[in-house]
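These notes are about the structure you will find just below.
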Amino acid sequence: MSSASSSPLPADFYARPVLEVAPELIGCTLQHGRTSGVIVETEAYHQSEPACHAFAGLTPRTKTLFGPPGRAYVYRSYGVHALLNAVCEAEGIGAAVLIRALQPVTGIARMRARRGPLANRPPRDAQLCSGPGKLAQALGIGLDDDGRSLSRGPLRILARAGAWRDPVIVEGERVGITRAVELRWRFCAGGNGHVSRPRPRSSLASEA
DNA sequence: CATGGGATTGACT
DNA sequence: GTCAATCCCATGC
């Protein structure tokens with residue numbers, strides 16, 4: 001019937017320029033155990049620009065970032081939140097796509113339980129995964145997942161399917177960084193209500 | 001060994 | 001709009 005189950009993206013999908021991969025991940029499904037959601041917001045990072053962790057070179061923290069493509073790079077932000085990235089380009093090059101927001105699909109009750117009572121206030125589902133720290137908490141992704149494959153095992157990203165086969169994508173500037181702020185390396189699903197703030201400026205005229 | 005910064009979130013003015 | 005919480009790790013003495 002209409003619920004087409006799609007396949008995990010192979011490692012080769014990620015072995016390309018990070019600026020190609022980042023927009024193509026919009027509409028794909030991130031799955032961890034029984035919880036999953038459609039990716040509606042991403043950002044690209046590359047060792048050539050100073051907002052990327054790899055800019056300073058290979059360190060213990062960024063070991064995974066320089067490793068083979070198609071794996072998860074998970075690190076702690078502000079001492080509080082776990083952030084999930086998909087490692088891209090060839091091994092030895094530090095590049096990754098930060099997964100910033102999901103539209104929840106399965107395991108929503110479990111996501112609400114993990115996120116706590118704050119996420120149980122309306123608009124509930126719009127706030128469940130509307131940020132990189134939020135989605136990691138909702139899906140139970142932690143530092144333990146650093147280095148894991150995104151093609152095999154409990155943590156996977158599945159190819160676009162169904163209504164998400166050809167999404168409208170809006171570009172904008174990356175969020176929460178202090179350097180290379182002018183690069184428009186943020187990609188969002190156009191008009192989607194599950195994107196994090198600030199919502200990107202759409203090129204479409206304002207609606208009546 | 002001490003210090004400072006950071007790809008965030010939630011609470012508050 | 002502002003601001004603190006909180007931990008990993010890069011840097012420097």
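Chain naming here is simple, since letters A, B, ... match the order of the sequence lines and numbering starts at 1 in each. Source: prediction; values computed, not measured.
When all heavy atoms of A:Val87 and A:Gly67 are compared, the pair lying nearest together is CG1-O, 3.8 Å.
Distance A:Arg179 CZ to B:dG6 C1': 10 Å, rounded to the nearest Å. For A:Arg114 and B:dT9, the CZ to P distance is 17 Å, given to the nearest whole Å. One interatomic measurement links the two molecules: CZ of A:Phe55 to C1' of B:dA7, which rounds to 15 Å at whole-angstrom precision. Remark: C1' of B:dT8 and NE2 of A:His53 are 12 Å apart, rounded to the nearest angstrom. Rounded to whole Å, the distance from CG on A:Asp144 to P on C:dC8 is 12 Å. In this structure, A:Glu43 atom CD and B:dG6 atom P are separated by 16 Å, rounded to whole Å. Atom-to-atom, CG of A:Leu143 to P of C:dC8 comes out at 7 Å; the value is rounded to the nearest Å. One atom, CD of A:Glu41, and another, C1' of B:dT8, lie 12 Å apart when rounded to the nearest Å.
Of the possible donor and acceptor atoms, one in the side chain of A:Glu43 sits under 3.5 Å from a partner among the backbone N and O of A:Val175.
Here, B:dG4 and C:dA4 have their P atoms 16 Å apart, quoted to the whole Å.
With rounding to the nearest 0.5 Å, the separation of CD1 in A:Ile26 from CD in A:Glu24 is 11.0 Å.
Searching all strands for a Watson-Crick or G-U wobble partner of B:dA7 with both distances below 3.5 Å returns nothing. Look at C:dT6: it lacks any Watson-Crick or wobble partner with both distances under 3.5 angstrom.
A cation-pi arrangement, defined by a distance under 6.0 Å to the six-membered ring centre and an angle within 45 degrees of its axis, is present between A:Arg16 and A:Phe13.
Heavy atoms of A:Arg197 sit nowhere under 4.0 angstrom from any nucleic acid atom.
DNA chain C is contacted by A:Arg76, A:Tyr78, A:Gly79, A:Val80 of residues 68-88 of chain A, taking any non-hydrogen atom closer than 4.0 Å.
Mapping A:Val175 and A:Gln127 onto DNA chain B via the closest heavy atom, the residue that lands nearer the 5' end is A:Val175.
Taking every side-chain heavy atom of A:Pro132 into account, B:dT9 is the closest of B:dT9, B:dA11, B:dA7.
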Between protein and nucleotides 9-13 of chain C, what N or O pairs are separated by less than 3.5 Å?
from	atom 1	to	atom 2	distance (Å)
C:dA10	OP1	A:Thr59	OG1	2.4
C:dA10	OP1	A:Arg61	N	3.4

